[in-house]
2 protein chains.
Amino acid sequence: MRLLIARCTVEYSGRLDAHLPEAIRLIMVKADGCVAIHADGGAFKPLNWMNAPNRLVCEPDRWRVTNDKGERLEIVLVEVYSDTTHELGSDPGLDKDGVEAHLQELVAAHPEALADGTVLVRREYPTDIGPVDLLCRDAHGATVAVEIKRRGEIDGVEQLCRYLEYLNRDARLTPVNGVFAAQEIKPQARVLAADRGIRCVVLDYDELRSITSDALKLF
Amino acid sequence: MRLLIARCTVEYSGRLDAHLPEAIRLIMVKADGCVAIHADGGAFKPLNWMNAPNRLVCEPDRWRVTNDKGERLEIVLVEVYSDTTHELGSDPGLDKDGVEAHLQELVAAHPEALADGTVLVRREYPTDIGPVDLLCRDAHGATVAVEIKRRGEIDGVEQLCRYLEYLNRDARLTPVNGVFAAQEIKPQARVLAADRGIRCVVLDYDELRSITSDALKLF
DNA sequence: GTGTATATCTCGGGG
DNA sequence: CCCCGAGGTATACAC
């Protein structure tokens, strides 16, 4: 990783056009060739960047980065205050816990958390317009399409509506009911769901996980 | 801006839980207090981060970052290879051209690009559920609600559908037709638009801009 | 502050 | 390669 502290101006042209006036910034070049220009603020997002793969041509006072998609980044170096390179080696990567996929696994293992007597038909039930998170049957044997989110917002309800509309065209499944399940459901999403006859279920991640680990303890 | 090159492990706990095994990484602390941990690849996104505002407590072998939302980032420093600080000063910021706002301006100036005889009623037409990008009248005097995007995806069509549903409740406006205009329209969005009776228009940004500059040359 | 819409969104998975 | 969905999305702006 090469780190440059320099007074510079930057032009980007590609998905849009952007210009950075002269100022002191950090220019980061990673081992994969990607280039990012950071100011001393503004969270983790760089002001400008260019992803790998690309071609980087470094002249003393001007760097040019281009790629095959026609994007172009040009850095004019007015004054370089620091220029260091460090060998970092490859990174073992990040372990995450608590994302939607994990939530889906837990609910799939415990569909009764949605309503007593609910059983799983299958996960990621495929349709032409995308996979339904869970397809279940309720205590009465009716089909239930389940959309699972960490944060339940209006988009998720609309996504579920599209699936329901699609699934209800299948005479073997209809009537299909909808359940919108999330760790947190925004008021607006709740209103839309009610309007569309979709039931909302708030999931307790820790509780679901503890049920699973309790079940494991039986073995 | 403080830059640390160090062998470290990292734990994040908050919106999810995440763990980084021991490896050499860049730790960046910006003037606003935000902290980002970068590997030597993976474009501009850090492996882990903590946005400002937060509290950073640095011990020689352990940094703890916490905020008021209950998030927590803990960095264990196994070995520090480099530790530098640079004064960057404030940044004048980025000038952009070609974002959705510009596209909306251009179409507002040339509504005939949507269909011959189309005239603008107003931009950002307010409704209870948000502003409609453009409200127009077509050659027959019928009201047209226009949603403008750089990239037309399914969410944008849903957004327009909500506006149409709302606007059509107003007896003075109904029937309101929908136009979905974008520089690029994804297949799924096109299918949904067709299903909902919404017309799609592909916009040519450069052409729209050249019409405008041609018009300016007349003065 | 919440809610809504945008982003050079990034990133990863599947066809 | 594109398409599509998820994200600790972040960020700006209106109410």
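Per chain, numbering begins at 1; letters A, B, ... match sequence-line order. Predicted, not measured: the structure shown is a model, and the values here were computed from it.
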Looking across every strand, which nucleic acid part, if any, lies under 4.0 Å from B:Asn48 by heavy atom: base, sugar-phosphate, or nothing?
base
Ionic contact status for A:Glu165 with B:Arg196, cut-off 4.0 Å:
yes
Can you confirm whether more than 12 heavy atoms, excluding those of B:Asp68, are under 6.0 Å from its CG atom?
no
Give me the distance, rounded to whole Å, that separates D:dG8 from C:dA5 when you measure between the P atoms they each carry.
23 Å
Taking atom P in both C:dT4 and C:dT8, compute the distance separating them and give it to the nearest angstrom.
22 Å
Judged by nearest nucleotide, the residue sitting upstream toward the 5' end of DNA chain D, A:Lys69 or B:Leu47, is A:Lys69
Give the intermediate values and the outcome of side-chain hydrogen bond (donor to acceptor under 3.5 Å, both in side chains) for residues A:Arg137 and A:Thr143.
CA-CA 5 Å; A:Arg137 285 195 190 282; A:Thr143 304; 3.1 Å; yes
Atom-to-atom span, CG of B:Asp155 to P of D:dC3 - whole angstrom:
16 Å
How long is the gap from CG on A:Leu20 to CD on A:Glu74, to the nearest 0.5 Å?
13.0 Å
State, to 0.1 Å, how close B:Leu88 and A:Arg25 come at their nearest heavy-atom pair, and which atoms those are.
CD2-CA, 3.8 Å
Mark yes when over 12 heavy atoms from residues, nucleotides or ligands other than A:Asp95 sit less than 6.0 Å from its CG; otherwise mark no.
yes
Name the nucleic acid region contacted by A:Pro187, choosing base, sugar-phosphate or nothing; use a 4.0 angstrom heavy-atom cut-off, strictly under.
sugar-phosphate
Taking 4.0 Å as the cut-off, does a side-chain nitrogen or oxygen of A:Gln104 come that near to OP1 or OP2 on D:dA6?
no
Under 4.0 Å, heavy atoms only, any strand: does B:Glu153 hit a base, just the sugar-phosphate, or nothing?
nothing
Please report, rounded to the nearest Å, how far the C1' atom of D:dG8 is from the CD1 atom of B:Ile37.
13 Å
Any chance you could measure A:Leu208, atom CG, to A:Gln183, atom CD, to the nearest 0.5 Å?
8.5 Å
Do NZ/NE/NH1/NH2 and the carboxylate oxygens of A:Arg122 and A:Glu124 come within less than 4.0 Å?
no
Between B:Arg162 and B:Glu158, does any side-chain N to carboxylate O distance fall below 4.0 Å?
no
Specify the residues of residues 143-152 of chain B, ordered by number, for which at least one heavy atom lies under 4.0 angstrom from an atom of DNA chain C.
B:Glu147, B:Lys149, B:Arg150, B:Arg151
Any residue meeting salt bridge (Lys or Arg N to Asp or Glu O under 4.0 Å) with A:Glu100, in chain and number order, not counting sequence neighbours
none
Does B:Leu103 reach a base, just sugar-phosphate, or nothing at all? Heavy atoms under 4.0 Å.
nothing
Length of the line joining B:Ile154:CD1 and D:dC3:P, which is rounded to integer Å:
13 Å
Which residue lies toward the 5' end of DNA chain C, B:Pro131 or A:Glu71, if each is placed at its nearest nucleotide?
B:Pro131
Which donor-acceptor pairs under 3.5 Å do side chains of residues 36-50 of chain A form with protein atoms, sequence neighbours excluded?
residue : atom : partner : partner atom : Å
A:His38 : ND1  : B:Lys30 : NZ           : 3.1
A:Asp40 : OD1  : B:Ala31 : N            : 2.7
A:Asp40 : OD2  : B:Met1  : N            : 3.1

Interface residues of residues 8-18 of chain B with DNA chain D (non-hydrogen, below 4.0 angstrom):
B:Tyr12, B:Arg15, B:Leu16
Using atom CD of A:Gln159 as one end and atom P of D:dG5 as the other, report the distance to the nearest whole Å.
6 Å
Taking 4.0 angstrom as the limit, do A:Asp97 and A:Arg209 come out as a salt bridge?
yes
Ionic contact status for B:Glu59 with B:Arg64, cut-off 4.0 Å
yes
For chain B and DNA chain C, what are the first and last nucleotides along the strand, 5' to 3', with at least one atom under 4.0 angstrom from a heavy atom of the protein chain?
C:dA5 to C:dC11
Report all interatomic pairs (protein N or O, nucleotide N or O of nucleotides 11-15 of chain D) with separations under 3.5 Å.
residue : atom : partner : partner atom : Å
D:dT11  : OP1  : A:Gly42 : O            : 3.2

At what distance, to the nearest 0.5 angstrom, does CG of B:Leu120 lie from OH of B:Tyr125?
12.5 Å
Return the minimal non-hydrogen interatomic distance between A:Val201 and A:Ile185, and the atom names on each side.
O-CD1, 3.8 Å
Given atom OH of A:Tyr163 and atom C1' of D:dG5, what is their separation to the nearest angstrom?
8 Å
Base, sugar-phosphate, or nothing for A:Arg72, non-hydrogen atoms under 4.0 angstrom?
nothing
